[in-house]
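First comes the structure, then the notes that go with it.
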Protein chains: 2
Amino acid sequence: METLSHSEEQVMTALWDCGKPATRREIAARLPSGCTWADSTVLNFLLRLEKKHFVRPDKQGNKNIYTPLVRRVTYCGAASAAHLQRLYGGDLRAMLGALADTGRVSFTDMERLARYLDNRAAESPEYDYD
Amino acid sequence: METLSHSEEQVMTALWDCGKPATRREIAARLPSGCTWADSTVLNFLLRLEKKHFVRPDKQGNKNIYTPLVRRVTYCGAASAAHLQRLYGGDLRAMLGALADTGRVSFTDMERLARYLDNRAAESPEYDYD
DNA sequence: AAATATCTTCCACAAATGTAAAATAAAGTA
DNA sequence: TACTTTATTTTACATTTGTGGAAGATATTT
């Protein structure tokens, strides 16, 4: 799969967050609060995402409605797998440990996660492929 | 913290993997197997890492011995937190789900992880900061 | 010492990225 | 219809990244 820059990822994330095809204004509204990009900057990223076949713009009058062409879980899964490989050699526990140490992922989060994984384990034998 | 490019991250990862200060040859030997970088490419990345204060080269005769100046867990934790925020709005479960769906992280891995988290929860009350 | 092999640093250059102004087009409005 | 607003597309340009050759410095061998 084609790769995205961090900025492009943020725009895709905003679009995915919209939950349905969206205009550039709706997308911009979902960008992280601190974001100060000019209108044309956002539009330009959308152009580049179109070139990379990540979105399709549909003309509605003079406006564009953007539809994601890649599923979030597909792209993000691949990106996270690459990240995991590059930084931790694929060791998931190492990543979780590093995240915990930042303090930005709390013990409570981890606990919830553990419960989630336990459930997933119990209910989803289809993931047993190794 | 200063940010690194993917290539620079790979070089840092290789250095961290060495477990101790290392020469550029030792570092290069730890790069992912498929890597075809020319010698001067690796050296150049090390130069850039030096500019960014991620490594310190100590001359040993004409050779350089490179020492990491940033702890792996520090950099990787921050990088992963940023990744998590950018792609999943900070939702760790979403990331784990996406990873599981790639098939590159197996159910067994997840199970092991769940046990690890449970233990961490039991043994490390110092992580209870929220 | 001369020749040879190693190392590192400097330079170069194309491609990608971040950022946005200028140009163009379409739509709404006085 | 002429003016104003809003959208999109083009173009621009500095910075960073990926990649490695050329040049300079040090050591090793004959």
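Throughout, protein chains are lettered first and strands after them, A, B, ... in sequence-line order, and every chain is numbered starting at 1.
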Practice task
For C:dT17, take OP1 and OP2 only and decide whether either is under 4.0 Å from a side-chain N or O of A:Lys52.
Solution key: yes
Euclidean distance, atom [atom1] of residue [X] to atom [atom2] of [N] [Å, nearest integer]:
X       : N      : atom1 : atom2 : answer
A:Gln60 : D:dA7  : CD    : P     : 14 Å
A:Glu50 : D:dT9  : CD    : C1'   : 10 Å
A:Leu47 : D:dA7  : CG    : P     : 16 Å
A:Leu49 : D:dT9  : CG    : C1'   : 16 Å
A:Asn64 : C:dA27 : CG    : P     : 12 Å
A:Asp58 : D:dA7  : CG    : C1'   : 16 Å

Completion exercise
With the side chain defined as heavy atoms from C-beta on, B:Leu43 is closest, among D:dG20, C:dT8, C:dT19, to C:dT8
Fill in the blank from the handout: Among the nucleotides C:dT17, D:dT19, D:dA22, whichever has the atom closest to the side chain of B:Ser40 is D:dA22
Practice task
Begin with the C-alpha distance, continue with both residues' side-chain angles, and end with the deciding distance and a verdict on side-chain contact (heavy atoms from CB on, under 4.5 Å) for A:Val70 and A:Glu2.
Solution key: CA-CA 11 Å; A:Val70 177; A:Glu2 184 101 46; over 6 Å; no
Practice task
Look at all strands and tell whether A:Lys51 reaches a base, only sugar-phosphate, or nothing, counting heavy atoms closer than 4.0 Å.
Solution key: nothing
Exercise for the section: Have a look at A:Leu46 and say if it touches a base, only the backbone sugar-phosphate, or nothing, with a 4.0 Å heavy-atom cut-off. Expected result: nothing
Handout entry: Residues from residues 2-11 of chain A lying under 4.0 Å of DNA chain C - heavy atoms
Key = A:Ser5, A:Ser7
Problem - Expected output: side-chain A:Tyr88 to main-chain A:Leu96 donor-acceptor under 3.5 Å - result: no
Practice task
Could you tell me whether a side-chain N or O of A:Thr13 sits under 3.5 Å from a main-chain N or O of B:Arg86, the two making a donor and an acceptor?
Solution key: yes
Completion exercise
Ranking A:Thr41 and B:Asp39 by the position along DNA chain C of their nearest nucleotide, the one closer to 5' is B:Asp39
Handout entry: B:Ile65 versus B:Pro21, closest heavy-atom pair with distance
Key = CG2-CB, 3.6 Å
Handout entry: Nearest heavy atoms of B:Glu26 and B:Cys18, plus distance in Å
Key = O-SG, 3.9 Å
Practice task
May I ask you to verify whether the side chain of B:Asn44 and the base of D:dG20 hold a donor-acceptor pair under 3.5 Å?
Solution key: yes
Problem - base_contact_polar (D:dT19 base, B:Arg48 side chain, donor-acceptor, <3.5 Å) - result: yes
Give every pair of a protein N or O atom and an N or O atom of nucleotides 1-6 of chain D that lie under 3.5 Å apart, one pair per line with the distance.
none

Practice task
Please determine, by modelled atom types, if A:Tyr75 and A:Glu9 share a side-chain donor-acceptor pair under 3.5 angstrom.
Solution key: yes
Problem - Worked check of side-chain contact (heavy atoms from CB on, under 4.5 Å) between A:Val11 and A:Trp37 - result: CA-CA 11 Å; A:Val11 174; A:Trp37 285 337; 3.8 Å; yes
Completion exercise
A:Arg48 meets the side-chain hydrogen bond (donor to acceptor under 3.5 Å, both in side chains) criterion, sequence neighbours left out, with none
Exercise for the section: Spell out, yes or no, whether B:Leu47 and B:Val42 are grouped together once hydrophobic residues are joined by side-chain heavy atoms under 4.5 Å, including indirect joins. Expected result: no
Exercise for the section: Identify, between B:Trp37 and A:Tyr66, the residue whose nearest nucleotide on DNA chain D lies closer to the 5' end. Expected result: A:Tyr66
